[in-house]
Amino acid sequence: LSRLEAADNEVEELGAGIAALTALKSLDVANNQLKELPAALADCPRLKEANFKGNQLKDKRLEKMVNGCQTKAILEYLRAGGRGKGKGESSREEARKKKREKQQKKDDGEQDEVEEASKLLVKILHVSENPAPLVVKVSPGVRDVRAFIVCCVLKGVNLKPGSALKRFLSAQTKLHEDICEKRTAATIATHDLQLVRGPLTYSVQPPDELKIMPLGRKEIKAKDLLRQLQSEAEEQRKQKKRQNVSGLHKYLQLLDGKDNYPCLVDAEGVVISFPPITNSEKTKIRKETRDLFLEVTSDTSLQICKDVMDALILKIAELNRFTLENKEDSGSDDESDALCGRVNLNPSQNVQAMNLPLVVEQVRVVDTDGNLKVLYPSKTDLATVSSLLTVIR
């Protein structure tokens with residue numbers, strides 16, 4: 001267990017047994033009912049990030065530290081016996097610590113090997129190594145509408161077997177609800193790379209000029225699409241006799257007051273994305289899709305786009321491994337199955353298939369003069385998911 005998130009849960013005590021979580025890197029127990037923090041926290045060898053804010057700690061010095069100091073300083077304080085308890089218990093903790101350290105040295109090498117082997121793999125293909133890198137050009141008009149965009153290409157996904165595509169779409173919906181904060185912080189768009197015609201342009205258009213073929217609908221002007229969705233939302237409210245609506249109808253208010261709407265346009269002048277509302281039917285992902293073009297936009301910050309993209313790549317890698325580990329009938333011929341790696345693999349072939357990394361191709365976002373605005377993934381990107389993902393750079 002490398003990440004433990006238990007904020008806002010009325011937790012009253014952390015026991016000394018937490019030191020047994022030797023792989024723990026991130027701990028969030030903010031806004032609970034903790035009165036003390038165990039010295040054993042200092043024995044978690046990999047713990048780098050911890051959030052204890054919002055707890056009424058007896059040790060007032062410690063309470064000040066959790067609100068203003070780095071995790072390392074807090075752990076040093078706990079190691080020295082701070083937390084409002086006597087030194088007797090601190091001595092006992094010290095004895096336990098030495099015993100654990102001795103055992104840990106014995107197991108550490110083996111554990112690291114197991115930990116690395118269990119991680120998901122992605123390989124970065126740099127722009128300099130890519131003979132035909134995709135480029136996104138940003139027009140100045142987006143600055144006042146939806147200023148931030150991050151893109152990349154992800155190759156090697158397997159959506160064909162069983163419910164793999166359904167799981168992929170459900171995961172995207174969940175990310176929109178959670179990390180994207182119901183699309184108010186950011187919006188994800190995923191496309192079939194084979195259907196994307198680059199270079200791409202991220203720009204704005206007036207509502208009565210922007211045309212798109214939304215997923216599952218005919219081509220329509222943005223102004224008319226929003227009016228149609230608003231009408232559907234009203235009908236939903238009447239039928240269900242409640243205020244909440246579902247689907248795209250939930251996001252209509254995000255464009256309130258905008259004179260221009262953001263859009264991603266391909267080399268043929270076709271709008272393939274209309275954030276935060278919908279993608280285009282033209283680049284729709286299907287079971288046969290193997291390579292993806294991923295796009296995250298936001299009117300809040302560039303970092304949010306990057307954090308969401310990190311989470312999206314991790315989720316796709318997890319789903320890809322799940323698909324490989326759980327054989328499902330793809331309902332297709334043998335040749336197609338072979339292409340997807342699904343034909344009666346023996347155990348060694350299964351391991352080999354699961355260890356094949358997804359390939360993440362860097363995508364440059366430039367201004368109208370060709371000056372670089374964003375390159376994703378850069379050297380510092382994907383760090384937020386590094387405990388679960390091995391990145392070959």
Side-chain angles (χ1 to χ4, degrees), residues 1-8 23-28 30 48-49 51 118-125 136 146 148-159 164-191 193 250-251 254 264 273 275-276 279 285 289 291-323 357-363 365 374-393:
L1 181 67
S2 63
R3 186 171 67 228
L4 178 57
E5 298 177 0
D8 305 290
L24 188 65
K25 293 183 179 180
S26 175
L27 173 66
D28 186 356
K48 302 296 181 189
E49 299 176 11
N51 184 1
S118 66
K119 279 186 179 182
L120 302 153
L121 285 175
V122 296
K123 183 183 187 308
I124 307 297
L125 182 66
V136 178
R146 197 173 184 84
F148 307 102
I149 183 169
V150 167
C151 303
C152 71
V153 166
L154 187 62
K155 291 188 170 181
V157 300
N158 187 4
L159 301 173
L165 178 58
K166 186 177 180 181
R167 286 193 294 271
F168 173 84
L169 297 174
S170 295
Q172 189 173 323
T173 299
K174 192 171 189 308
L175 287 170
H176 270 144
E177 290 295 307
D178 297 340
I179 191 171
C180 295
E181 299 176 20
K182 301 186 188 300
R183 301 198 193 188
T184 57
T187 302
I188 298 165
T190 54
H191 309 265
L193 180 67
K250 295 185 288 186
Y251 311 118
L254 299 178
L264 190 63
S273 178
N279 297 3
I285 291 173
T289 301
D291 303 329
L292 307 175
F293 173 67
L294 308 178
E295 155 213 342
V296 178
T297 60
S298 172
D299 61 1
T300 306
S301 78
L302 179 63
Q303 190 57 50
I304 285 174
C305 289
K306 291 189 168 197
D307 290 346
V308 170
M309 187 68 86
D310 286 357
L312 177 61
I313 290 172
L314 173 62
K315 178 52 68 176
I316 295 173
E318 289 174 345
L319 292 173
N320 220 44
R321 172 173 283 189
F322 180 88
T323 300
L358 291 169
V359 176
V360 183
E361 292 185 5
Q362 290 181 322
V363 170
V365 175
V374 189
L375 175 69
Y376 183 94
S378 66
K379 290 180 180 178
T380 56
D381 294 322
L382 292 168
T384 57
V385 293
S386 61
S387 61
L388 301 168
L389 202 63
T390 296
V391 182
I392 305 167
R393 297 187 185 270

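Only heavy atoms go into these numbers, but all of them, side chains included; no hydrogens, no water, no symmetry mates.
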A.B. asks: Minimum heavy-atom separation for Y376 to D381, with atom names?
C.D. replies: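 Closest approach of Y376 to D381: CD1-OD2, 3.2 Å.
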A.B. asks: Between L375 and K306, which heavy-atom pair has the shortest distance, and what is it?
C.D. replies: O-NZ, 4.5 Å
A.B. asks: Quick one: do the T323 and N158 side chains pair a donor with an acceptor below 3.5 Å?
C.D. replies: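 Short answer, no.
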A.B. asks: Is it the case that the side chain of T173 and the backbone of L169 share a donor-acceptor pair, with hydrogens and angles ignored and the cut-off at 3.5 Å?
C.D. replies: yes
A.B. asks: Heavy atoms only: give me the nearest L254-T184 pair and the separation to one decimal.
C.D. replies: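 Closest pair (atom of L254, atom of T184, distance): CD2-CG2, 3.8 Å.
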A.B. asks: Is a side-chain N or O of D28 found less than 3.5 angstrom from the main chain of A30, in a donor-acceptor match?
C.D. replies: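 Yes, D28 side chain to A30 backbone: donor-acceptor pair under 3.5 Å.
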A.B. asks: Taking I149's backbone N and O only, do any of them form a donor-acceptor pair with T297's side chain (distance below 3.5 Å, no angle check)?
C.D. replies: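 No; zero donor-acceptor contacts below 3.5 Å.
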A.B. asks: How long is the straight-line distance from CG of L292 back to NZ of K155, given to the nearest 0.5 Å?
C.D. replies: 11.0 Å
A.B. asks: Drop me the distance from R3's CZ to L24's CG, to the nearest 0.5 angstrom.
C.D. replies: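 If I round to the nearest 0.5 Å, the distance is 11.0 Å.
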A.B. asks: I want to check something: taking the side chain as every heavy atom from C-beta on, are M309 and P377 in contact at a cut-off of under 4.5 Å?
C.D. replies: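 When only atoms from C-beta onward are counted, P377 and M309 do not touch, as no gap falls below 4.5 Å.
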A.B. asks: Pair L294, I188 - check side chain to side chain contact (heavy atoms under 4.5 Å, CB included), show working.
C.D. replies: CA-CA 8 Å; L294 308 178; I188 298 165; over 6 Å; no
A.B. asks: Identify the two heavy atoms, one from L319 and one from F168, that lie closest to each other, and give their separation to 0.1 Å.
C.D. replies: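 What the structure gives for the nearest pair is CD1-CA, 3.7 Å.
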A.B. asks: Measuring only between side-chain heavy atoms, which start at C-beta, is L302 closer than 4.5 Å to V150?
C.D. replies: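 Yes. Closest side-chain heavy atoms under 4.5 Å.
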A.B. asks: Are the side chains of Q362 and C152 in contact, using a 4.5 Å heavy-atom criterion?
C.D. replies: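 SC-SC contact between C152 and Q362 ruled out.
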A.B. asks: Please report the shortest heavy-atom distance between K182 and E177, naming the atom on each side.
C.D. replies: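 Shortest heavy-atom contact: NZ-OE1, 2.8 Å.
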A.B. asks: Shortest non-hydrogen contact from A383 to D310?
C.D. replies: N-OD2, 4.2 Å
A.B. asks: Quick one: NE2 on H176 to CZ on R183, what's the gap to the nearest 0.5 Å?
C.D. replies: 4.5 Å
A.B. asks: State, with a plain yes or no, whether a side-chain heavy atom of E361 is found less than 4.5 Å away from one of D291.
C.D. replies: no
A.B. asks: Under 4.5 Å between any side-chain heavy atoms of V308 and L175, yes or no?
C.D. replies: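 No, every pair of side-chain atoms sits at 4.5 Å or beyond.
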A.B. asks: Could you go through I316 and L312, starting from their C-alpha distance and side-chain angles, then the distance that decides it, and tell me whether this counts as side chain to side chain contact (heavy atoms under 4.5 Å, CB included)?
C.D. replies: CA-CA 6 Å; I316 295 173; L312 177 61; 4.0 Å; yes
A.B. asks: So does E318 pair up with K315, basic N to acidic O under 4.0 Å?
C.D. replies: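 Yes, charged N to carboxylate O under 4.0 Å.
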A.B. asks: Evaluate L154 against V360 for side chain to side chain contact (heavy atoms under 4.5 Å, CB included), listing each step before the verdict.
C.D. replies: CA-CA 5 Å; L154 187 62; V360 183; 3.5 Å; yes
A.B. asks: Distance from N320 atom CG to L358 atom CG, nearest 0.5 Å?
C.D. replies: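 One finds 4.5 Å between CG of N320 and CG of L358.
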A.B. asks: Quick check for you: to the nearest 0.5 Å, what is the distance between S387 atom OG and E49 atom CD?
C.D. replies: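 With rounding to 0.5 Å, OG (S387) is 9.0 Å from CD (E49).
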A.B. asks: Return the CG to OG1 distance between L121 and T390, rounded to the nearest 0.5 Å.
C.D. replies: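 Answer rounded to 0.5 Å: 5.5 Å.
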A.B. asks: Set out, in order, the CA-CA distance, both residues' side-chain angles and the distance that settles side chain to side chain contact (heavy atoms under 4.5 Å, CB included) for E295 and V136, then state yes or no.
C.D. replies: CA-CA 10 Å; E295 155 213 342; V136 178; over 6 Å; no
